[in-house]
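To start, the structure under review is shown below, and the notes come after it.
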Amino acid sequence: MERPLLTVLLLVGLIIGCAVGSAYARARRGWTDYQTAKKSVPGARRGAWLLIRGVAVKAAVIGLLLFGAVAYAAVGSDDETAGPAPSPTTTQSEPPRR
């Protein structure tokens, strides 16, 4: 009579042990993954800031170039390459011949 009871208790203990063991392994693996991700965050943050800085520098250079172009267009150039403007004179045309 004791033998079947011991067999049942052993089977229940093995099932509970397997469940607890797999839960422990899952928790341990999760903790290891968390520690790995936590260590990689500063490097990823540094990389993100470098990318943002690069974009900001490019935007600033483009903004300065646009500002310079608008300022140059507003002031105009000192070079008088067009020459003198034509005077508004009337020209006499010949009447049509028949």
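We number each residue from 1, following the sequence as shown. Here the structure is a predicted model, which is why all the values come from computation and not from measurement.
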Quiz prompt | Nearest heavy atoms of A37 and S40, plus distance in Å | solution = O-OG, 2.9 Å

Quiz item: Cluster question for you: counting only ILVMFWY and a side-chain heavy-atom cut-off of under 4.5 Å, with indirect links fine, are V8 and I16 together?
Solution: yes

Quiz prompt | Shared hydrophobic cluster for L50 and V41 (ILVMFWY, side-chain gaps under 4.5 Å) | solution = no

Self-check item: Residue pair W49 / R53, side-chain heavy-atom distance below 4.5 Å
Solution: no

Quiz prompt | Distance (rounded to the nearest 0.5 Å) between Y34 OH and K39 NZ | solution = 11.5 Å

Quiz item: To the nearest 0.5 Å, how far apart are CD in E2 and CG in L9?
Solution: 11.0 Å

